[in-house]
Amino acid sequence: MMLPSAHLSVPPTTRALVTTLIVCSLLSLVLSDQYLVISPGTSVYYPWTFISATWVENLVGLVVGSVGLLFMGRYFEQAWGSRELIKFLTVVATVSNTVTFFVLLGMYFVKTDVDWLFTARANGLAAILTGFVVAFKQAVPEHKVQLFGRISVRAKNLPPLVLLLYSISNLIGLVPFAHVVLAHVGFFVSWYYLRFWKLGEGGIQGDRSESFAFITFFPEFVGPYLKPVSHGIYAVGRRLRLVPALSPTLPTTIYDANEALGRNVPVDAEAERRRAVALKALNSHLAESQVADGPERPGTPSR
């Protein structure tokens with residue numbers, strides 16, 4: 001991906017998102033921040049802050065966030081379309097802000113420190129930028145990204161690296177606790193949405209391939225310890241109906257196939273998913289070819 005070189009090369013939704021970030025960040029300089037950002041003691045009176053808080057950044061965050069939106073927003077607007085991009089950002093931002101609000105509120109009850117109610121703030125693009133990295137891992141997992149011009153990192157390794165950087169930055173005092181919460185919640189919410197809900201090519205809902213499983217975001221040696229967590233997330237999601245039901249004719253992971261067809265039935269999940277998409281594309285191509293060829297000439301033997 002290259003940074004857009006001209007104004008018109010930036011898609012309209014991405015352009016609007018960057019403009020919103022700049023306007024809201026500037027407004028925070030002239031308005032009381034309680035009207036724009038998440039604060040456990042006041043946000044219940046200003047519910048729009050659960051959306052607006054995402055678009056308020058300080059100077060450094062404004063620069064980093066604008067660049068991130070231009071790169072990632074442009075890429076995914078072209079790949080998904082404006083509607084899917086807005087839907088993704090709305091889900092990730094709103095859920096992450098809401099969860100962070102309750103985490104900060106919980107810190108007040110645990111520590112009985114009024115600062116957690118009225119001083120603590122949650123705002124910024126941490127959740128969205130982390131969500132973009134998760135989506136990038138899904139789209140091009142083997143793509144190499146150059147960091148600082150010297151370090152090469154594959155896209156599939158970026159999400160845990162970003163979370164680690166946020167955590168370290170908080171420990172050394174560079175970012176507040178709320179940013180760490182936003183980043184971690186944004187990571188999980190974006191994965192959950194892409195895994196189970198987002199409509200993809202061929203009308204398939206979610207991406208339940210093994211290459212996008214929860215444990216693939218972490219080093220292999222912790223995989224055996226995370227598998228029960230991953231299975232638990234899936235089971236709770238099904239119980240709460242947060243995981244949409246699948247057609248029994250098209251399982252997309254071993255776990256879905258076992259549930260639909262019996263525990264001991266082996267299924268190549270990714271191959272089955274790709275086969276279904278390829279078959280639909282082939283049928284569409286054959287139909288277009290028949291229309292282009294037109295009706296058969298008289299006397300031509302039918303095939």
Taking salt bridge (Lys or Arg N to Asp or Glu O under 4.0 Å) as the cut-off, I'd like each qualifying pair that reaches into residues 102-127, sequence neighbours left out, listed once.
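Checked against salt bridge (Lys or Arg N to Asp or Glu O under 4.0 Å) - neighbours excluded - the pairs reaching residues 102-127 are Asp33-Arg121.
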
Could you tell me whether [X] and [Y] have their ring centroids closer than 6.0 angstrom?
X: Tyr35; Y: Tyr45; value: no
X: Trp48; Y: Phe50; value: no
X: Tyr75; Y: Phe136; value: yes

Do Thr13 and Glu77 pair up side chain to side chain, a donor and an acceptor below 3.5 Å, judged on atom types alone?
yes

Between Asn123 and Glu57, a side-chain donor and acceptor under 3.5 Å:
no

Quick check: do [X] and [Y] have side-chain heavy atoms less than 4.5 Å from each other?
X: Val92; Y: Phe132; value: no
X: Thr54; Y: Asn97; value: yes
X: Phe212; Y: Phe217; value: yes
X: Phe101; Y: Pro40; value: yes
X: Asn170; Y: His179; value: no
X: His143; Y: Arg154; value: no
X: Gln205; Y: Phe196; value: no

What do the steps show when you test Lys137 against Thr216 for side-chain hydrogen bond (donor to acceptor under 3.5 Å, both in side chains), and what is the final call?
CA-CA 10 Å; Lys137 187 259 192 197; Thr216 62; 2.8 Å; yes

Using the ring-ring contact (aromatic ring centres under 6.0 Å, His included) rule, pick out the option among Trp80, Trp197, Trp191 that qualifies with Phe88.
Trp80

What is the distance from atom [atom1] of [X] to atom [atom2] of [Y], rounded to the nearest 0.5 Å?
X: Ser43; Y: Ile38; atom1: OG; atom2: CD1; value: 4.0 Å
X: Leu182; Y: Ile128; atom1: CG; atom2: CD1; value: 10.0 Å
X: Leu129; Y: Ser190; atom1: CG; atom2: OG; value: 11.0 Å

Tabulate below the donor-acceptor pairs under 3.5 Å that side-chain atoms of residues 16-23 make, not counting sequence neighbours, or state none.
from, atom 1, to, atom 2, distance (Å)
Thr19, OG1, Arg15, O, 2.9
Thr20, OG1, Ala16, O, 2.8

